[in-house]
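Everything below concerns the one structure shown next.
We use all heavy atoms of the structure for the numbers below, so side chains are in, but hydrogens, waters and symmetry mates are not.
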Amino acid sequence: MSNNISRKVESILSGMNRNDLQRLMSLTKNSGLTNRLSEADKQKIINEFSKLDANQVKRKLAGLNSNDLAKMSADDIVKRLKKL
């Protein structure tokens with residue numbers, strides 16, 4: 001991952017409160033998402049995620065649960081991140 005993307009992701013994550021970070025981590029873990037995505041899929045999501053600020057991330061992921069996430073492809077996730 002490039003330094004610019006790393007810094008952007010760090011900036012987003014540092015702008016989130018502890019509960020939001022725990023929810024995001026739990027969501028990802030419980031959905032099994034990381035196990036079924038290819039490295040290319042993960043990179044697509046990271047690239048889209050890195051374009052957002054912390055408030056956008058919170059708003060776009062609000063209401064999403066691990067069951068919803070488990071059914072989504074990388075493209076579905078990228079589309080969701082692009083909405084709003």
Sequence neighbours excluded and cut-off under 3.5 Å, please list the side-chain donor-acceptor pairs for residues 19-27, or say none.
from: Asp20; atom 1: OD2; to: Asn17; atom 2: ND2; distance (Å): 3.3
from: Arg23; atom 1: NH2; to: Leu64; atom 2: O; distance (Å): 2.4
from: Ser26; atom 1: OG; to: Asn30; atom 2: ND2; distance (Å): 3.1

With sequence neighbours excluded, residues passing salt bridge (charged side-chain N to carboxylate O under 4.0 Å, His left out) with Lys51 | Glu48
Which residues satisfy the side-chain contact (heavy atoms from CB on, under 4.5 Å) test with Lys42, sequence neighbours excluded?
-> Leu37, Glu39
Reported CD1-to-CE distance for the pair Ile45 and Met72, which is rounded to 0.5 angstrom = 8.5 Å
Got a sec, which residues hit side-chain contact (heavy atoms from CB on, under 4.5 Å) with Ser38, two or more places apart in sequence or on another chain?
-> Ala40, Asp41
Under 3.5 Å: donor-acceptor pair, side chain of Arg36, backbone of Ser31 = no
Starting at OG1 of Thr28, measure out to CG of Asn35 and round the result to the nearest 0.5 Å.
-> 11.0 Å
Output all residues satisfying side-chain contact (heavy atoms from CB on, under 4.5 Å) with Asp75, sequence neighbours left out; order by chain, then residue number.
-> Lys44, Ser73
Does a side-chain heavy-atom distance below 4.5 Å link Leu33 with Ile77?
-> yes
